[in-house]
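Residues: numbered from 1 along the sequence shown.
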Amino acid sequence: MKAIKKLDTKKTPQYKIFSSNNKVDVVKGQVKVKILDSLCYNNMSFNEIVELTGKAKPTVSQHLRELVDEGLIKSTKDTTDARRKIFCINAEFLGELSRDKESKFDIDEYFTKLPQLKDPFEFYRLILRSLRAEFWNEGINIDPILYNAGKRVGDVFYEELKNDNLEILLKNISKFWENKQLGQIEIKTLDPLTICVYDCFECKDLPEIGEPACSFDSGVLDSIFSKHFNRNITTTETECYAMGNECCTFVID
């Protein structure tokens, strides 16, 4: 059986925002949040969830029942054992709230730059970053929304970029990034496929926050390469201007 990382109950609880059944739910409580976090990536059996949370079976059963009643998760019968249920996510992850999160952006600094910008593109790029900074300083993480928006953009433009030859596809992506002023792309390696983006529109002028900040770019790349390889592809950002690096680096898994 795969190893399950147990819940650290000492960590400050996060508030996760999900959309399901035409409504928005703010979920709090470490156990529920941990269950939903894990189910966003993998379907899990009851015993796996018990091991994940480190809680008693009756407690886990109660949490699962409430999440099912709220429409956030659902269960199906295990195809290999009809007596066992497999739980899966039944909602879309929108973001998270953390009221004790330290401010990471100097909002005033961003807005003092606006009068100096003459290029309309630079103006709107700074507006985008300022909005993101406002959300972050209020403890609202909108990375999932940015990621989903990126996937939609990738879906729209894939037909324009697609080519059966991977090298030609990469050249098309590079031209697309440059023409849309998203940055300059350099293909670092093909195995694993590693893409570096310089002058990244999403994060170039963000302060160093110690974590990747290019959820929109990741969504675009996930969409394009998932369609190209005809399977789900996950993009991992290993370097970022917001981490103090000289470019944003994406590894296509």
Side-chain angles (χ1 to χ4, degrees), residues 19 37-43 88-89 91-95 119-129 131-132 141-206 208-253:
S19 172
D37 272 348
S38 300
L39 291 181
C40 281
Y41 296 99
N42 294 293
N43 298 342
C88 59
I89 199 73
E92 184 177 357
F93 180 38
L94 299 181
D119 183 347
F121 175 79
E122 289 295 332
F123 175 82
Y124 289 117
R125 181 156 75 169
L126 187 59
I127 288 292
L128 171 64
R129 293 169 181 166
L131 290 172
R132 184 174 189 180
N141 181 1
I142 61 170
D143 282 351
I145 296 176
L146 294 173
Y147 173 81
N148 289 335
K151 289 195 70 173
R152 295 183 190 279
V153 170
D155 290 345
V156 170
F157 284 98
Y158 176 72
E159 291 301 316
E160 176 184 327
L161 304 173
K162 69 178 182 180
N163 194 289
D164 292 339
N165 185 305
L166 177 60
E167 293 188 6
I168 296 177
L169 172 65
L170 292 173
K171 289 180 180 178
N172 292 342
I173 294 173
S174 180
K175 290 179 181 177
F176 174 81
W177 240 254
E178 185 174 352
N179 292 339
K180 303 299 183 185
Q181 299 188 50
L182 303 178
Q184 292 79 48
I185 279 184
E186 175 185 309
I187 307 304
K188 192 172 182 180
T189 64
L190 291 177
D191 187 16
L193 179 54
T194 305
I195 295 175
C196 297
V197 179
Y198 294 89
D199 191 28
C200 176
F201 88 102
E202 194 170 1
C203 72
K204 174 65 183 298
D205 298 323
L206 289 179
E208 293 184 20
I209 60 175
E211 59 189 68
C214 301
S215 300
F216 181 87
D217 281 354
S218 296
V220 174
L221 294 173
D222 273 8
S223 170
I224 292 173
F225 288 109
S226 292
K227 289 181 177 294
H228 176 77
F229 291 110
N230 196 30
R231 60 187 175 89
N232 289 331
I233 296 296
T234 301
T235 298
T236 303
E237 187 176 10
T238 58
E239 295 180 325
C240 184
Y241 284 105
M243 297 169 64
N245 303 119
E246 296 180 354
C247 68
C248 297
T249 301
F250 301 89
V251 179
I252 316 301
D253 183 7

Legend entry - Over 12 foreign heavy atoms within 6.0 Å of CD, Glu178: no

Legend entry - Polar side-chain atom of Ser174 near backbone of Leu170 as donor-acceptor pair, under 3.5 Å: no

Legend entry - CG (Asp199) with more than 12 external heavy atoms under 6.0 Å: yes

Inset, instruction - Kindly indicate whether the side chain of Pro144, heavy atoms from C-beta on, has any atom under 4.5 Å from the side chain of Leu94. - result: no

Inset, instruction - Evaluate the side-chain contact (heavy atoms from CB on, under 4.5 Å) criterion for residues Asp143 and Phe216: first the C-alpha distance (whole Å), next the side-chain angles of each, then the deciding distance (0.1 Å), finally the verdict. - result: CA-CA 8 Å; Asp143 282 351; Phe216 181 87; over 6 Å; no

Legend entry - Validation row: Glu239, Cys248 side chains within 4.5 angstrom (heavy atoms): no

Legend entry - Between Phe176 and Phe157, ring centroids under 6.0 Å: yes

Legend entry - Considering all heavy atoms, the nearest Glu202-Ser215 contact: OE2-N, 3.2 Å

Inset, instruction - Show the numbers, then the answer: is there a side-chain contact (heavy atoms from CB on, under 4.5 Å) between Ile252 and Thr194? - result: CA-CA 6 Å; Ile252 316 301; Thr194 305; over 6 Å; no

Legend entry - Donor-acceptor contact below 3.5 Å, side chain Asn245 vs main chain Cys240: yes

Legend entry - Non-hydrogen atoms of Ala242 and Glu211 that approach each other most closely: CB-O, 3.7 Å

Legend entry - Any donor-acceptor N/O pair, Asp222 side chain to Thr235 backbone, under 3.5 Å: yes

Legend entry - Gap separating the NZ atom of Lys151 from the OG atom of Ser226, nearest 0.5 angstrom: 6.0 Å

Legend entry - Asn232 CG: over 12 foreign heavy atoms closer than 6.0 Å: no

Legend entry - Step-by-step side-chain contact (heavy atoms from CB on, under 4.5 Å) determination, Ile185 to Ile173: CA-CA 8 Å; Ile185 279 184; Ile173 294 173; 3.7 Å; yes

Inset, instruction - Classify the ring geometry between His228 and Phe225 as parallel (under 30°), tilted (30 to 60°) or perpendicular (over 60°). - result: perpendicular

Inset, instruction - Of all the heavy-atom pairs spanning Cys88 and Asn43, show the shortest one and how long it is. - result: CB-OD1, 3.0 Å

Legend entry - Polar contact flag, side-chain donor to acceptor under 3.5 angstrom, Ser223-Asp155: yes

Legend entry - Pair Glu92, Asn148: side-chain N/O donor-acceptor within cut-off below 3.5 Å: yes

Inset, instruction - For residues Phe250 and Cys214, report the shortest heavy-atom separation together with the two atoms involved. - result: CZ-CB, 3.8 Å

Legend entry - Contact check, side chains of Asp217 and Trp177, non-hydrogen atoms, under 4.5 Å: yes

Inset, instruction - Could you grab the distance from atom CG of Leu193 to atom CG of Leu221, nearest 0.5 Å is fine? - result: 9.0 Å

Inset, instruction - Nearest 0.5 Å please: distance from the OG1 atom of Thr249 over to the CD1 atom of Ile195. - result: 10.0 Å

Legend entry - Asn172 CG to Ile224 CD1 distance, which is reported to the nearest 0.5 Å: 9.5 Å

Legend entry - Residue pair Glu167, Leu190: steps toward the side-chain contact (heavy atoms from CB on, under 4.5 Å) verdict: CA-CA 9 Å; Glu167 293 188 6; Leu190 291 177; 4.3 Å; yes

Legend entry - Under 3.5 Å: donor-acceptor pair, side chain of Asn163, backbone of Leu169: no

Legend entry - Within 6.0 angstrom of Asn230 CG, more than 12 heavy atoms from elsewhere: no

Inset, instruction - Determine the minimum heavy-atom distance between Glu246 and Tyr198, stating which atoms define it. - result: O-CD2, 3.7 Å

Legend entry - Heavy-atom pair with the smallest gap, counting every atom of Phe93 and Cys40: CB-SG, 4.3 Å

